[in-house]
Chemist: 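I have a structure here, written as structure tokens, and I will follow up with some questions on it.
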Protein chains: 2
Amino acid sequence: MDDLPDEDGTEKLEVWCAGEEWCPVTTTASLIGKKWHPVIVHRLLEHGPSGFNELQENVDGISSKVLSDSLEDLEDNQLVEREIISEKPFRVHYSLTEYGESLQPVIYAMRDWGMQYLNEPDDGSAA
Amino acid sequence: MDDLPDEDGTEKLEVWCAGEEWCPVTTTASLIGKKWHPVIVHRLLEHGPSGFNELQENVDGISSKVLSDSLEDLEDNQLVEREIISEKPFRVHYSLTEYGESLQPVIYAMRDWGMQYLNEPDDGSAA
DNA sequence: CTGAATCCTAAAGGATACTG
DNA sequence: CAGTATCCTTTAGGATTCAG
């Protein structure tokens, strides 16, 4: 609770997140709040430009349809860029745009928190 | 790429995110990757313990069913705690557990990124 | 007021097969 | 290799109503 100064800054906060599309938290959630999006971005952050199957291997479990769909959505939001690097043996590279790269703090925060969560003894006490 | 020291930690990274449930990024995504969860947590971070309707007002747009459902899910994952503070005029307080509080960096990272995204001129150049 | 129950729709996620 | 096309199941999200 150290975020807001006081005065007018505070009321703005009221407006953001009680609103429609323009809540920054919801905005981010809308863009990467899908099941596989954060992992895909994470993989691209770690591995750099990747081919389709390479990406599919790294994400595992994901079907080509879902991966394709997710990538399309990420492209649509300018988070991911698709580059055809070879025509004959058709090859493609998916990479992060600057928008996508800028997600690093978010993804890493999610990763760090997830690690912490996974390491917790899950406390046996009553919920 | 400053995430892991080296040793066994690094190779673990490969394994984590090609795996099942135990990918920290996916774990976090599973817990707060729903449409309204981040906003709810954000509201609770900003406002502290809140009543049901108060929360609904703050989140806006959300229906009581979805809010109730979301809160139940958050409770189930020990991110939110529900406390009955009055029986006669039935009143309840929802607040963050320590798990929930620990999400602050994630939520704020999302908020900050969202703000940045919203402020971008959306670049008129080709996608 | 708090919030659970019901019902419904849209969309996400997934399995499989097929194409350029 | 890099997807698309179908079809199907699950679930998230939402409107409304009901109950404590």
Side-chain angles (χ1 to χ4, degrees), chain A residues 18-21 23 25-27 29-41 43-44 47 49-77 79-95, chain B residues 18-21 23 25-27 29-41 43-44 47 49-77 79-95:
Chain A
E20 305 297 326
E21 311 301 325
C23 165
V25 177
T26 299
T27 298
S30 307
L31 293 175
I32 61 165
K34 312 309 177 69
K35 184 170 187 179
W36 295 108
H37 287 207
V39 193
I40 293 171
V41 173
R43 296 280 79 183
L44 290 175
H47 290 191
S50 309
F52 188 85
N53 284 354
E54 185 186 354
L55 207 46
Q56 189 172 8
E57 288 301 311
N58 289 335
V59 174
D60 191 70
I62 197 171
S63 70
S64 59
K65 185 260 193 179
V66 173
L67 178 56
S68 179
D69 191 54
S70 301
L71 285 170
E72 198 179 323
D73 189 47
L74 288 169
E75 276 181 77
D76 196 52
N77 293 315
L79 296 174
V80 161
E81 212 165 24
R82 181 182 175 235
E83 183 191 8
I84 299 175
I85 60 171
S86 169
E87 282 285 1
K88 259 314 290 303
F90 197 57
R91 277 180 173 281
V92 160
H93 266 184
Y94 288 97
S95 53
Chain B
E20 304 297 326
E21 312 301 325
C23 165
V25 177
T26 300
T27 297
S30 307
L31 293 176
I32 62 164
K34 314 309 177 67
K35 184 173 186 179
W36 295 107
H37 288 206
V39 193
I40 292 170
V41 174
R43 298 279 76 184
L44 289 174
H47 290 189
S50 309
F52 188 85
N53 285 353
E54 184 186 353
L55 208 45
Q56 188 171 11
E57 288 300 311
N58 289 335
V59 174
D60 191 70
I62 196 171
S63 70
S64 63
K65 187 265 192 176
V66 174
L67 178 58
S68 180
D69 191 55
S70 302
L71 285 170
E72 199 178 320
D73 190 47
L74 289 169
E75 275 182 78
D76 196 53
N77 293 314
L79 296 174
V80 162
E81 213 165 24
R82 180 184 176 232
E83 183 191 7
I84 300 175
I85 60 171
S86 169
E87 281 286 359
K88 259 314 292 300
F90 197 57
R91 278 183 173 280
V92 159
H93 266 185
Y94 290 97
S95 54

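Proteins get letters first, then strands, A, B, ... in listed order; numbering begins at 1 in each.
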Chemist: Who passes side-chain contact (heavy atoms from CB on, under 4.5 Å) against R82(B), sequence neighbours left out?
Modeler: E75(B), F90(B), V92(B), Y94(B)
Chemist: Roughly, in whole Å, what's the span from CG in L67(B) to C1' in dA12(D)?
Modeler: 15 Å
Chemist: So, using side-chain contact (heavy atoms from CB on, under 4.5 Å) as the criterion, who are the partners of E72(B) when residues are at least two apart?
Modeler: none
Chemist: Nearest 0.5 Å, what's the OG-CD distance between S95(A) and E81(A)?
Modeler: 5.5 Å
Chemist: In sequence, state the C-alpha distance, the side-chain angles, and the governing distance for N58(B) and V39(B), and then conclude on side chain to side chain contact (heavy atoms under 4.5 Å, CB included).
Modeler: CA-CA 9 Å; N58(B) 289 335; V39(B) 193; over 6 Å; no
Chemist: Over the length of the helix from dC1(C)-dG20(D) to dG20(C)-dC1(D), how much do the five-pair end axes diverge, rounded to 10 degrees?
Modeler: 40°
Chemist: Could you check E54(A) against G33(B) and say which one's nearest nucleotide on DNA chain D is further toward the 5' end?
Modeler: E54(A)
Chemist: For E57(A) and dG3(D), give me the distance from atom CD to atom P, rounded to whole Å.
Modeler: 15 Å
Chemist: Reading nucleotides 14-20 of chain D from the 5' end, what letters show protein touch, with B for base, S for backbone sugar-phosphate only, - for no heavy atom under 4.0 Å?
Modeler: BBB----
Chemist: So, taking the atom named CG in L55(A) and the one named CZ in R43(A), what distance separates them when rounded to the nearest 0.5 Å?
Modeler: 9.0 Å
Chemist: First and last nucleotide of DNA chain C touching chain B, 5' to 3', heavy-atom cut-off 4.0 Å?
Modeler: dC1(C) to dT6(C)
Chemist: Identify, with sequence neighbours excluded, every residue that meets side-chain contact (heavy atoms from CB on, under 4.5 Å) alongside N77(B).
Modeler: Y117(A), L31(B), D73(B), L79(B)
Chemist: How long is the span from the NZ atom in K34(B) to the NZ atom in K35(A), to the nearest 0.5 Å?
Modeler: 9.5 Å
Chemist: Can you measure from OG (S50(B)) to CD (E57(B)) and round to the nearest 0.5 angstrom?
Modeler: 11.5 Å
Chemist: Considering just the side-chain nitrogens and oxygens of R82(A), establish if one lies under 4.0 Å of OP1 or OP2 belonging to dA2(D).
Modeler: no
Chemist: By side-chain contact (heavy atoms from CB on, under 4.5 Å), which residues pair with S64(B), not counting sequence neighbours?
Modeler: F52(B), Q56(B)
Chemist: How many angstroms lie between atom CD1 of I32(A) and atom OG of S70(A), to the nearest 0.5 angstrom?
Modeler: 13.0 Å
